[in-house]
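Every chain is numbered from 1, with letters handed out A, B, ... down the list of sequences.
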Amino acid sequence: MMPYWPRKALSALLTLWLSSIVVFALLRLTPGDPAAAIAGPDATAEQVAAIRDQLLLDDPLPSQYLHWLGGLLTGDPGISYQYDRPITDLLAESVGSTVQLALAGILMLPVVGLLTGLALASRRFGKAADAFATAALSLPVYVSAVILVFLFAVQLRVLPAGGELSFLAAPDLSVQFLLLPGIALALPAGAVLGRLLATELRRTRQEEFVLTAVAKGVPPGRISRLHVLPGSLGPFVVEFGIGIGELLGGAVIAEELFARNGLGKLMLDSVQNRDYPMAQTLLMLAIAVAVLAQLGTEVVLTRLDPRIKLGVTA
Amino acid sequence: MILQVEDLTVSVREHAAVDGVSLSVRQGEILGVVGESGSGKSLTALSIMGMLPTGVRATGGAIRFDGRDLLGLDEPALRQVRGKDIGMVFQDPLAYLNPRMTVGAQLAEAMTVHGTGAKAAKTRAAELLDLVGITGARGRLGDHPHEFSGGQRQRVLIAMAMANEPRLLIADEPTTALDVTVQAGILSLLRRLRDDTGTAVVIITHDMGIVEQVCDAAAVMYGGQIVEHGATATLLGAPRHPYTHGLLQSVPRLGATRVRRLPVIPGAPPDLADRPPGCPFAPRCAHATDECHTTRPPLTGFACFHPLSPAATVTVRDEQEEPAAREPSPPVLVADAVSVVYGRRRKAVTAVSQVSLEAGPGRTVGIIGESGSGKSTLARALLGLLPLAGGEVSVAGRTWDGASAKDRQAMRRAVQMVFQDPYLSLNPRLPIRRTLAEPFEVHGLCQDDEIPERLDRLMDQVGLPRAFLDRLPYQLSGGQRQRIGVARALAVEPQVIVADEPVSALDVSVQAQILNLLADLRDETGVGIVFIAHDLGLVRHFCDETLVMYQGEVVERGPSQRLFEAPEHPYTKSLVSAAY
Amino acid sequence: RSATEVAGGGTGGSGITLAYSAAPDPTKLMRRTIDSPVFSNLVFDRLVDLDKKTMEPVPWLAREWEYDQARTTLVLKLRDDALFHSGKKLTAEDVVFSLKKAQDPKAGAQVAPMLNRIEEIRASAPGEVTLKLKAVTSNLFDALMFSPVVEAASYDQGKVIGTGPYTWGAFSAGNKLDLARFDGYWDGAPSIEAITIRAIKSPQAQLSALQSGQVQMVGGIPARDVKTAAAGGRYTVSVTTPSYQQTYLGVDVKTKPFDDPKVRQALQYAVDRKRIADQVYGGYAEVSSLPWPATTPGVTPDQVTRYAHDPDKAKALLKEAGATGAEITVWAAQTPIFSSVLDIVQYDLTQAGFKVTPKLLDATEFQTLVVQSKLPGLNIANIGLVSVSPLTGISTANPARPGDNTSRLDDEKYVKLQERAFAAGTPEQLAEANHDLSEYLLEQSFHITLAQAHEVVMWDPSIQGHDTSFLGYLDLADARRGK
Amino acid sequence: MTGRWSRAVRSPRGLAGTLLVALLVLAAVFGPMILGISPYEQGDAALAGPSGTHLLGTDEVGRDLLARTLHGIRSDLLICLVAVPLAALLGTGLGLLGGLSRWGGEIMQRIFDVLLGFHGVILGMAIALVISPGFVAVVTAIVLITVPGFGRQARAALLAQLSREYVVAATTVGASRLRVLRRHVLPNVTDSVTALFAVTMANAVKIEGGLSLIGLGIQPPQPSLGTMISAGSRYIQVSPQYALAPVLLLAMLVLGLTLLSDAINRERLRG
Ligand SMILES: Nc1ncnc2c1ncn2[C@@H]1O[C@H](COP(=O)(O)OP(=O)(O)OP(=O)(O)O)[C@@H](O)[C@H]1O
Ligand SMILES: Nc1ncnc2c1ncn2[C@@H]1O[C@H](COP(=O)(O)OP(=O)(O)OP(=O)(O)O)[C@@H](O)[C@H]1O
Ligand SMILES: [Mg+2]
Ligand SMILES: [Mg+2]
């Protein structure tokens with residue numbers, strides 16, 4: 001048995017490597033020729049063949065894979081087929097938008113989750129929170145986004161319907177652009193988090209050490225804060241980690257619906273245009289984020305529950 | 001009187017789980033509250049703390065502490081009492097400590113919530129750990145509970161309860177989860193704390209031995225009521241209530257003479273829902289009359305219309321002769337220098353090391369040792385359930401290693417197992433019939449249409465109504481389930497049964513029933529038994545030969561009688577002296 | 001500050017923001033791509049334009065021009081006051097460079113087949129360019145109107161520099177383009193200082209952006225979405241006549257039963273063009289049996305209305321051809337528009353007695369199969385340049401190109417017709433050729449027009465003076481913010 | 001077992017959930033028959049409002065929205081009923097396999113990690129592109145997206161079961177490994193997997209809708225709730241019922257399934 005952290009890191013690397021193969025294979029399996037997408041509707045077969053040649057698309061697949069992987073590892077994933085520019089440049093242009101969106105989601109996710117969870121577990125707001133959580137869960141993002149935009153942008157005109165502004169350029173405006181997509185992203189995942197938290201809160205409240213705290217004369221508020229809540233956060237953190245990992249994927253939909261130009265849109269476009277190097281790189285990025293989020297989750301978990309690292313099970 | 005409980009009634013829905021209990025504790029006194037599971041001990045204790053679980057309410061009586069009725073206090077006022085005037089210690093020290101907080105923080109919290117400054121609390125926390133006998137106290141404040149041993153955790157809990165020097169300490173089964181040797185340490189700690197601080201202590205237990213060891217006075221609870229109370233010596237020496245008497249008798253004690261069968265209290269404790277209106281013990285009482293069934297006897301030291309005479313002391317047991325020595329037959333189950341290792345490389349734990357034993361029809365081999373000493377591991381090794389790191393186990397000459405599937409089946413027929421926890425060892429989803437039919441089916445012991453008949457016979461053998469065959473496990477009591485466990489082992493008519501702590505999870509009065517069942521089966525069928533226990537009295541009572549295990553090794557072995565009378569190994573000595 | 005209001009004010013003082021379904025793409029300036037209409041004419045000028053009514057060439061960067069007697073040499077005289085955004089003066093060399101670029105197959109210009117009929121492009125004097133043709137090319141001006149004039153010195157460095165009213169500014173690929181007013185514009189600087197073009201693909205997102213005041217124009221989205229949004233009358237809908245996209249039903253004549261012209265004609269009768277125009281294009285489309293405009297010289301009204309919706313006739317023709325119940329596949333790319341067209345076509349053809357399997361493919365896959373001519377049966381797609389003229393239409397687009405086309409129709413007669421049109425020296429000859437081409441297409445029915453769909457953009461009423469060129473490209477030289 | 005199920009169904013949550021789902025199933029099965037209008041019949045009146053002939057109005061090519069909505073539930077139920085049991089079976093199988101051998105476990109774990117690394121949308125998109133969009137693609141996508149959940153659940157349940165005393169007990173009476181698995185382990189694993197079942201059903205409906213949104217769902221002219229929502233949401237201002245009717249039904253379906261899974265879970269935790 002290897003020590004804990006190196007073992008985790010190794011398995012993360014293994015996952016990434018396997019993913020790179022899957023990603024590569026998946027795109028090649030997708031019918032449709034990148035060269036045809038570039039050549040456009042009125043191109044002749046010869047034009048397409050010339051482009052294929054130029055893009056080295058007729059090289060053997062293993063060599064294409066190694067070429068790309070080698071580039072990725074040395075920080076140069078190549079040139080985008082559709083934009084004919086270095087992928088790193090394109091990423092640099094779009095990453096800000098997605099990071100802002102993801103941050104908005106990440107910030108809002110635990111807020112929605114915590115509020116829902118605490119409300120669900122409380123006696124006073126339980127019923128209302130239950131209704132809210134069920135609704136949030138039942139409505140897919142693509143529906144809630146349309147409703148949110150209709151309400152806040154078209155009818156009330158208090159928030160922009162879509163688009164973006166760099167946070168660094170104008171923080172106050174940027175936040176307004178981020179509010180609706182952030183909420184739309186955070187709602188369903190937040191509801192899941194909330195329910196999970198509520199269940200955990202109820203379970204932890206039943207745990208014996210809470211009785212010890214009561215017997216010490218600890219007031220209920222302090223018990224909730226110091227004993228019950230930390231004890232309930234484990235699964236919350238895990239789910240939150242998964243949630244972060246999914247944000248980049250979720251950005252695909254959110255960016256489409258809110259007319260943002262980030263990595264999600266880039267990913268959708270590049271897959272649709274069979275921009276292989278671009279799509280592969282973006283997909284790997286998404287997977288890496290998910291894997292990293294999971295690792296991060298485990299770091300937090302060991303903090304929350306010191307037993308885990310030593311392999312002690314409860 | 002520091003605490004006076006008067007006619008306390010605690011209701012669970014419409015049922016009185018605690019039914020008119022009165023108790024009193026004097027300054028500096030240690031009171032033992034004894035009773036079986038479900039008799040209402042914990043609810044009584046929790047009422048004093050004002051900590052009854054939701055759905056359970058104190059519906060009558062009063063709890064006077066220092067002249068105030070605690071039942072009349074509101075939550076904030078109660079909080080002032082909790083942890084400050086009354087401290088409480090719970091049963092399972094691991095579960096009752098917050099696994100995510102350092103021990104120091106938990107100790108300090110007990111004081112800061114009652115107004116002590118953070119700094120002072122920290123200093124005092126170290127003192128407290130020192131006080132309860134944890135060495136290197138200061139350095140351990142930053143440790144988490146899982147870094148302490150079981151006994152140390154219980155000491156931490158006690159330290160926490162003592163943090164504000166309460167005038168009353170309530171300990172609910174403080175040693176049940178601990179080993180005998182550790183238990184002795186905890187009990188003497190409690191006594192020392194009482195001596196040093198003059199705090200009154202209420203110890204809740206189901207173990208008469210603990211009462212005998214530490215309590216000044218005791219109250220016996222049964223079916224939500226106090227059936228007898230008094231000074232320890234009188235209560236134990238001359239019990240007046242038939243239940244107290246039965247309880248004392250059904251526990252084999254190390255010092256008592258060996259008997260073939262234990263005297264038992266027939267039946268099982270009453271259900272909360274169908275308690276008789278009269279004396280709760282009446283349905284199980286040999287002396288009960290009509291009056292007992294309808295009228296509740298008043299408590300005058302004891303609550304019984306037909307008390308035993310003070311002369312009928314426990315020591316005067318009706319002596320039965322030592323069972324006739326059975327002619328030794330060749331061993332069936334042989335373990336030869338067995339070792340078991342869990343985990344690999346750096347994490348490896350040698351759970352069993354070089355253990356040899358022989359078991360065969362007509363003989364009972366006892367294995368004793370504290371928790372983690374490798375008893376269960378050995379049991380599983382005997383049944384071929386674990387890979388061995390060394391040595392071999394053979395059944396009727398064949399070893400588990402390298403046995404063909406067919407051989408294994410034959411070996412399984414020869415050796416069977418009874419498990420510790422009857423709640424876990426029965427598949428909750430299968431009716432008893434299906435569980436019991438399994439051995440017949442897998443071994444093809446009889447035609448399919450004969451199975452029902454065989455099952456009926458099994459049920460008769462273990463003394464259960466045949467109708468139980470169609471119940472699900474949850475519809476049976478613990479004792480009844482353990483009988484099913486025995487029946488399952490018997491089904492294949494084995495030559496040896498390995499019983500891993502078969503009574504540890506059972507109520508005291510039910511324990512004796514199962515022990516007797518095993519003894520009867522042994523006598524009737526000649527089946528050999530490997531009997532694993534952590535209770536010296538049981539082994540001494542039950543087994544011909546005893547092995548003492550310590551950290552995976554057998555440190556001493558010999559005929560039970562001699563072993564306990566003249567232990568040689570220091571560990572055995574400490575075991576015997578820790579027991580009573 | 002409210003983001004809604006700030007964004008509504010556009011970038012800077014008198015800027016505006018336009019939303020378009022496709023992002024400007026500076027890598028294919030010589031081609032007409034879906035993004036061209038939104039920026040091409042803002043940044044570039046061309047040599048000539050066509051008059052939207054008469055379809056006659058009108059001066060632009062070329063002040064005047066003259067053919068020789070044989071109509072094989074054309075001399076173009078350029079303006080002398082046109083400046084590139086770099087500050088450099090427009091020269092004949094720039095024009096030569098631009099036209100040669102457009103000839104280069106790598107540039108992928110659709111009009112290359114016409115430009116390739118030019119034997120020599122030459123700067124014959126300062127401000128004068130002479131084109132020497134291999135043969136008479138009646139639609140040469142279509143090609144000249146089409147090709148942007150770029151700065152020779154910087155083009156190959158990837159810079160986007162033209163002589164248009166706006167300069168190419170901050171650009172993020174696939175996303176956003178900032179244009180700034182070019183104060184040195186020869187026709188006088190435009191009134192709007194800055195234009196931001198945002199790529200917003202989703203129609204909903206575009207309309208929300210317009211309705212919440214974040215953009216002043218939306219475009220490139222399905223016309224029916226525009227129609228529903230314009231229903232309240234709050235916005236100005238601008239239809240880019242005479243340019244349109246011809247939506248067609250391509251027939252692979254090598255697939256049975258479509259080898260039989262009767263079956264193909266049955267298709268013509270089966271499809272309900274009126275319903276497609278109304279339901280898919282929100283009425284912003286012409287119903288016609290021909291790819292090119294009804295106003296095309298030589299086209300007669302009876303040709304335009306040749307195939308009216310007539311399911312019974314379709315059934316009868318099918319029966320006659322013995323193809324009733326034939327199992328056919330209709331392919332289309334997966335877009336909201338084409339899937340709706342497919343819906344209707346599938347329904348109509350089923351009514352006529354075909355057994356239809358609809359197949360929606362993702363755009364790239366569809367594109368690949370088109371290039372490989374691997375779409376057995378029918379396919380639905382659209383092409384743009386047929387609205388310019390019949391000859392330009394059939395010469396530039398794969399689906400109807402004589403000799404080599406996606407319908408796999410290989411007919412010497414068709415090639416001859418094309419040659420006749422090229423060589424038409426007089427308007428009369430051209431009209432005659434147009435008529436015969438139309439007749440041929442109607443008869444052969446391998447390229448069935450479903451709709452002539454105008455591109456539609458919708459403006460916030462605060463913007464006035466906007467226009468589109470003959471090609472349907474935005475023209476904002478006179479646009480301004482009104483009250 | 002049966003007792004527990006019926007108790008779950010009879011709890012207030014379970015009852016509400018069952019009623020909702022049953023209502024939708026009935027609507028899907030008998031609705032189209034009662035209505036008697038073809039969901040494919042096109043007409044000239046596009047995007048018409050509700051009227052006597054078209055109770056919910058018409059879509060953009062003049063088809064009856066009510067008929068399409070009812071048929072849409074059918075599609076979705078069918079997808080759920082094919083995809084989710086398939087995913088459950090596959091996931092449970094893989095999970096069990098992974099639980100039985102160390103290596104198998106490692107490999108499964110990695111496979112699931114890779115699958116989980118992809119976001120559902122992306123995985124779905126890739127699948128739909130690889131095996132041309134349509135019913136099969138939607139089902140495959142749903143299966144691949146939801147399989148890791150089942151796999152992990154099954155594996156966890158299996159590991160928990162294997163250490164149970166009654167499983168050991170069955171071995172000691174001589175039951176073979178296969179019998180132990182079938183008799184004692186599987187039913188309990190099934191139990192914990194079932195709890196996941198209803199939630200996954202609800203998810204499946206959402207995934208179908210998500211795929212439709214990018215044009216990769218059920219293919220026209222066949223209706224599904226997802227395709228209708230994505231098509232209808234662009235007419236939300238002129239023809240709100242177009243999108244909202246399927247949204248409502250979808251929400252009802254998800255709600256019903258969520259309630260059911262809640263009820264089952266609660267019952268399961270009670271033992
Ligand atoms: N929270 C509760 N809800 C319902 N019934 C309860 C609750 N707690 C205890 N009871 C019931 O009240 C009765 C007395 O329980 P109590 O916990 O006081 O027993 P005990 O003597 O402490 O037993 P043990 O030795 O098992 O701890 C039992 O029948 C039990 O089932
Ligand atoms: N599956 C396992 N993996 C690793 N270590 C184990 C495992 N099971 C038991 N052990 C360790 O082996 C040692 C012996 O355990 P075993 O269960 O045999 O003790 P025991 O004497 O039966 O204790 P108890 O009285 O608590 O039942 C302990 O240190 C225990 O932690
Ligand atoms: Mg208790
Ligand atoms: Mg054990």
Side-chain angles (χ1 to χ4, degrees), chain C residues 201-208 210-211 221-232 234 272 274-283 309 330-351 356-366 368-369, chain D residues 38-49 57-65 67-68 124-138 211-224 226-243:
Chain C
K201 203 167 179 184
S202 143
Q204 283 131 282
Q206 274 203 13
L207 294 175
S208 307
L210 180 71
Q211 287 166 342
I221 57 173
R224 63 171 172 206
D225 293 347
V226 171
K227 185 187 167 203
T228 53
R234 243 173 68 201
D272 186 349
K274 173 90 175 68
R275 208 152 63 83
I276 293 176
D278 285 346
Q279 295 184 340
V280 181
Y281 296 102
H309 181 48
V330 188
W331 309 77
Q334 171 64 268
T335 71
I337 283 298
F338 289 132
S339 64
S340 285
V341 176
L342 180 59
D343 262 349
I344 294 179
V345 167
Q346 186 251 352
Y347 178 78
D348 287 346
L349 296 188
T350 308
Q351 298 296 309
V356 186
T357 311
K359 275 238 181 350
L360 278 177
L361 302 178
D362 121 282
T364 300
E365 191 183 356
F366 182 79
T368 308
L369 295 178
Chain D
S38 159
Y40 305 113
E41 176 77 35
Q42 303 185 357
D44 286 334
L47 293 178
T58 59
D59 73 357
E60 65 272 28
V61 293
R63 295 175 292 209
D64 184 73
L65 276 175
R68 286 185 74 72
M125 188 162 81
I127 306 288
L129 287 176
V130 171
I131 47 174
S132 82
F135 183 81
V136 179
V138 174
L211 283 174
S212 306
L213 191 73
I214 45 178
L216 299 173
I218 289 298
Q219 294 298 289
Q222 202 194 334
S224 76
T227 48
M228 294 190 63
I229 292 170
S230 77
S233 57
R234 46 182 74 206
Y235 308 111
I236 195 120
Q237 298 184 29
V238 283
S239 230
Q241 81 284 358
Y242 188 168

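- Listed options Ser202(C), Pro336(C), Ala229(C) were ranked by heavy-atom pairs under 4.5 angstrom with chain D; first place goes to Pro336(C).
- Interface remark: Gln206(C) contributes no atoms to any contact with chain D (heavy atom separation under 4.5 Å).
- A distance of 3.5 Å separates OH of Tyr235(D) from CZ of Arg224(C), quoted to the nearest 0.5 Å.
- In plain terms, the two heavy atoms of Leu360(C) and Gln219(D) that are nearest each other are CB-OE1, 3.2 Å.
- Gln42(D) and Ile344(C) make their closest contact through OE1-CA, 3.4 Å (heavy atoms, listed as atom of the first residue, atom of the second, distance).
- For Asp343(C), the parts lying under 4.5 angstrom from a heavy atom of chain D are both the backbone and the side chain.
- Heavy atoms of Pro221(D) lying under 4.5 Å from chain C belong to its backbone as well as its side chain.
- Judged by distance alone, with hydrogens and angles left aside, the side-chain atoms of Gln279(C) form no donor-acceptor pair with the main-chain N or O of Asp59(D) at under 3.5 Å.
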